[in-house]
Amino acid sequence: MPSSAPQVFTLPIAGMTCASCAGRVERALGKLPGVHSASVNLASEQAHIESLTASLPQLIQAVEQAGYQVPAERLELSLSGMTCASCAGRIERALAGQPGVIAVSVNLASEKASLSLLPGTSTAALLGAVAAAGYQARLAGSTPAGDPQQRERWHLLAAILLTLPLAAPMLLGLAGLQWMPPAWLQWLLATPVQFYLGARFYRAGWNALRAGSGNMDLLVAIGTSAAYGLSLYLWWDAHAGHAPHLYFESSAVVISLVLLGKFLEGRAKRQTGAAIKALQALRPEQAVRIVDGRDETIGIDQLRVGDLLRVRPGERFPADGEVLEGQSQADESLISGESLPVSKAPGDRVTGGAINGDGQLLVVTRALGAESVLARIIRLVEDAQAAKAPIQKLVDRISAVFVPLVLLIAALTVVGWLLAGAGLETALLNAVSVLVIACPCALGLATPAAIMAGTGVAARHGILIKDAEALEIAHKVTDVAFDKTGTLTSGHPQLLHWQARPGTTEDDLLRLAGALQQGSEHPLAKAVLEACAARQLVLPALGNSRSLAGRGTRGQVGQRELALGNQRLLEELQQDAADLAELAAAWQAEGRTLAWLLQLGPSAQVLGLLAFGDALKPGAAAAVAALQARGVTCHLISGDNPGSAGVVAGQLGITQVQAEVLPADKAARVAELKRAGHVVAMVGDGINDAPALAAADVGIAMGGGTDVAMAAAGISLMRGDPRLVPAALEISRRTYAKIQQNLFWAFAYNLVGIPLAAAGLLNPVIAGAAMALSSVSVVSNALLLSYWKPDR
């Protein structure tokens with residue numbers, strides 16, 4: 001039931017410019033069910049809301065739908081003390097209940113919490129909430145107190161040394177030897193294992209009970225305490241001179257096995273984060289800066305944008321920059337996945353963390369810190385690993401009821417065996433086996449371990465998966481829609497042919513076309529400017545330039561209003577080009593892209609025709625063939641003319657071709673495919689592809705593309721190799737298969753193990769071994785993904 005007292009929220013609002021903006025936000029908030037009152041102060045840019053039932057995410061969504069933003073900060077916490085999915089869920093609930101927390105995701109495998117917060121949210125309160133839930137938290141990147149790995153190692157070693165004498169009779173019995181330590185010695189060895197080395201289970205189990213839930217520690221604490229307590233009772237109740245059969249070894253062996261399983265599991269989990277560690281290790285600690293002609297060695301944190309750096313052969317580039325002087329090659333394999341060195345010359349960009357080849361370079365820094373390519377890659381991989389795949393939500397729901405259900409089954413096991421006429425000793429031991437084998441660790445690790453391993457190995461090969469949802473959906477893709485220029489073709493077209501109309505010379509045609517393209521970053525514009533430079537033509541000034549979306553560009557050159565564009569522009573302006581129609585058709589049949597130079601105004605006329613050619617990327621044919629081999633339908637959706645698009649499609653074996661598609665219409669074509677029941681991936685590299693990338697089920701941005709395209713895509717490729725597209729779908733398929741395998745084994749252990757334990761077919765020691773094996777096997781299975789390599 002909702003509380004009768006309204007909850008008070010204060011939200012910062014960005015984007016308001018006038019009183020009507022404030023009113024719009026107030027009305028949007030006031031329409032939400034449960035909002036008691038909402039007032040917006042334009043001067044402070046804040047909204048004050050009193051709500052009975054509306055949550056913070058609902059309020060933020062209402063503000064965004066009104067067209068404004070609520071600024072948010074990102075925080076990452078390192079956690080310790082978690083043992084299963086129930087622990088992760090408890091921490092999530094504890095953090096989500098704190099004021100200012102918009103969203104929170106806890107990853108059991110990486111032992112981190114990723115939070116989205118309102119500015120000014122108290123970090124101390126968040127750390128306190130985790131502590132109150134029974135766990136430990138610190139800011140990610142801060143140094144932990146002590147070495148938890150070392151402590152775990154010593155605890156495990158002590159447990160093994162104390163437990164071996166207790167387990168010796170069982171081991172010797174397999175060899176036909178009979179020996180049993182006296183009861184007092186068994187008690188002396190088992191007690192420190194139970195209450196000192198096993199204290200962590202009591203603490204965590206008690207915290208779980210206080211929070212009104214259960215976890216793996218509670219099951220272990222109850223189960224081993226029952227075996228230990230039963231042993232004390234049998235020892236006390238034994239007749240003088242009679243050596244009772246005690247179960248101290250069961251409680252001690254189970255705790256030792258659990259500690260061993262957690263130790264091995266921790267080592268395996270650390271390996272799933274190896275990709276992040278490898279990327280972080282690429283950052284050099286020092287750089288050589290040139291100041292007034294002298295070299296000085298400084299720390300990376302002292303660098304500033306615009307600094308001139310000397311990078312010697314074999315050294316890592318300290319920061320993103322531009323080569324000013326020198327010739328060399330760069331090994332970018334750990335950043336882009338490209339195995340071959342990339343040539344670097346003056347004017348070329350270099351990436352911080354890449355290794356310089358055999359030439360000395362002078363480099364001007366262009367990006368530092370969080371804005372560097374390496375930092376952005378690390379951030380993308382961390383975000384993907386922190387996010388939850390949709391299938392994980394099902395696991396979380398199951399985990400929430402799993403421990404109470406196991407406790408109920410254990411209680412029913414005791415009652416059932418007593419009703420069947422068995423003694424209390426047999427009934428308790430079988431219940432202990434149920435409690436011990438029913439560990440939800442494997443269930444909680446199944447999904448995040450596979451996602452961490454999958455996104456990590458993908459990043460090593462130049463495939464950046466931005467979120468777990470894209471990873472989960474990509475394996476279901478049935479149709480891939482490709483942009484043409486820069487995606488399947490090199491994106492560096494050349495001006496191959498040009499024809500001037502009578503009254504215009506060829507040089508004039510190029511000069512006027514080049515003038516219109518000044519300052520443009522479009523590949524065709526660069527080709528025109530390169531042709532003008534090759535002829536050493538002086539370009540006139542350009543004024544009043546503006547882009548014509550999907551058609552071309554126009555502007556003022558001297559006293560003439562000119563336009564350069566495609567066939568669509570020619571038809572819109574209704575210009576006569578009959579004398580060039582045959583030549584245009586011939587060039588189109590060759591797969592050339594055409595551009596018409598037009599004079600506008602009272603003396604409107606066609607001045608000439610230009611034809612561009614763009615070579616296919618080396619991996620384009622292999623990429624399309626690989627996709628078609630796995631049953632994926634390939635589409636070509638291009639803004640280019642039908643002839644050029646058709647030639648490229650014919651060379652690649654693509655039968656679904658749509659040409660002369662405006663940028664806004666690309667998204668509509670993708671939406672049509674989705675409505676027809678297809679799962680669509682869109683592959684593009686330009687600003688005009690961003691709407692289609694966002695509209696697709698999975699957007700894939702090609703390396704070398706624009707930041708806008710990469711922001712709209714769920715998957716970014718670090719280099720412009722089309723073969724990475726089927727590779728991205730393949731690693732998605734492999735990762736999802738690992739998730740399914742892990743969930744199968746996690747459920748199978750419990751579905752098979754719990755009935756066997758309840759039926760008395762498993763003793764606590766075997767149950768403990770199976771429980772430890774389940775977690776280790778799930779993480780180890782996920783780690784097999786680290787051996788994946790894209791097909792070449």
Side-chain angles (χ1 to χ4, degrees), residues 485 489 492-615 638-648 659-660 662:
T485 304
T489 62
H492 300 289
Q494 294 178 314
L495 181 58
L496 301 178
H497 312 291
W498 57 93
Q499 180 64 49
R501 291 283 295 277
T504 304
T505 67
E506 288 191 351
D507 279 359
D508 283 341
L509 176 65
L510 287 181
R511 186 181 294 110
L512 294 174
L516 280 174
Q517 302 290 22
Q518 290 178 91
S520 173
E521 292 298 317
H522 193 282
L524 297 185
K526 291 181 178 179
V528 173
L529 294 172
E530 286 171 2
C532 292
R535 290 201 168 202
Q536 299 181 335
L537 300 177
V538 177
L539 303 181
L542 173 66
N544 196 25
S545 173
R546 57 190 184 276
S547 175
L548 305 173
R551 290 161 293 169
T553 186
R554 66 183 295 172
Q556 190 80 22
V557 180
Q559 300 299 316
R560 309 167 78 175
E561 180 76 14
L562 301 177
L564 182 68
N566 57 19
Q567 185 72 25
R568 182 191 294 269
L569 180 63
L570 181 72
E571 294 171 356
E572 282 184 5
L573 297 177
Q574 299 179 343
Q575 293 294 308
D576 179 28
D579 55 329
L580 293 176
E582 187 176 339
L583 185 60
W587 286 348
Q588 273 192 316
E590 295 175 10
R592 308 306 178 201
T593 300
L594 303 184
W596 300 87
L597 182 63
L598 311 168
Q599 180 170 304
L600 309 179
S603 56
Q605 60 176 311
V606 176
L607 300 179
L609 174 64
L610 298 88
F612 303 84
D614 191 7
S638 174
D640 214 336
N641 65 72
S644 180
V647 169
V648 169
E660 294 183 339
L662 292 173

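- Here Leu573 contributes atom CG and Leu569 contributes atom CG; the two are 4.5 Å apart, rounded to the nearest 0.5 Å.
- Closest approach of Ala513 to Val528, counting heavy atoms only: C-CG1, 3.8 Å.
- Between the CZ atom in Arg551 and the CG atom in Asn566 there is a gap of 8.5 Å [rounded to 0.5 Å].
- Contact of the Gln605 side chain with the Leu598 side chain is not registered, since no non-hydrogen atoms from C-beta on lie closer than 4.5 Å.
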Practice task
I would like to know whether Arg560 and Gln556 meet side-chain contact (heavy atoms from CB on, under 4.5 Å); could you show each step before the answer?
Solution key: CA-CA 6 Å; Arg560 309 167 78 175; Gln556 190 80 22; 5.7 Å; no
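- Between Leu509 atom CG and Leu609 atom CG the span is 8.5 Å, to the nearest 0.5 Å.
- Contact record, Arg592 with Ala611: CB-CB, 4.1 Å, taken as the closest heavy-atom pair.
- Across every non-hydrogen atom of Ser603 and Gln599, the tightest pair is OG-NE2, 2.8 Å.
- With sequence neighbours excluded, the residues satisfying side-chain contact (heavy atoms from CB on, under 4.5 Å) with Asp508 are Thr504, Thr505, Arg511.
- To the nearest 0.5 Å, atom CD of residue Gln588 and atom CG of residue Leu583 are 10.5 Å apart.
- Annotation: side-chain contact (heavy atoms from CB on, under 4.5 Å) contacts of Ala531 (sequence neighbours excluded): Leu495.
- In terms of modelled atom types and a separation under 3.5 Å, the side chain of Gln567 and the main chain of Pro642 share no donor-acceptor contact.
- Nearest heavy-atom pair, Leu580 versus Val606, reported as atom, atom and distance to 0.1 Å: CD1-CG1, 4.4 Å.
- The closest donor-acceptor contact from the side chain of Arg546 to the backbone of Arg554 lies at 3.5 Å or more, if one exists at all.
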Practice task
Take Trp498 and Glu506 through the side-chain contact (heavy atoms from CB on, under 4.5 Å) test and state the conclusion after the steps.
Solution key: CA-CA 8 Å; Trp498 57 93; Glu506 288 191 351; 3.5 Å; yes
Practice task
Could you please spell out the steps behind the side-chain contact (heavy atoms from CB on, under 4.5 Å) verdict for Glu582 and Trp587?
Solution key: CA-CA 9 Å; Glu582 187 176 339; Trp587 286 348; over 6 Å; no
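- Of all non-hydrogen atoms in Leu539 and Ala515, the two that sit nearest each other are CD2-N, 4.2 Å.
- Residue Gln518 holds its CD atom at 11.0 Å from OG1 of Thr553, rounded to the nearest 0.5 Å.
- Distance CH2/Trp596 to CZ/Arg568: 16.0 Å, rounded to 0.5 Å.
- Nearest heavy atoms, Leu562 versus Leu607: CD2-CD1, 3.9 Å.
- Between Gln517 and Leu564 there is a side-chain heavy-atom pair separated by less than 4.5 Å.
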Exercise for the section: Give the C-alpha distance, both sets of side-chain angles, the deciding distance and a yes or no for side-chain contact (heavy atoms from CB on, under 4.5 Å) between Asp579 and Arg501. Expected result: CA-CA 9 Å; Asp579 55 329; Arg501 291 283 295 277; 2.9 Å; yes
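- In this structure, the side chains of Leu610 and Leu524 stay at 4.5 Å or more apart for every pair of heavy atoms.
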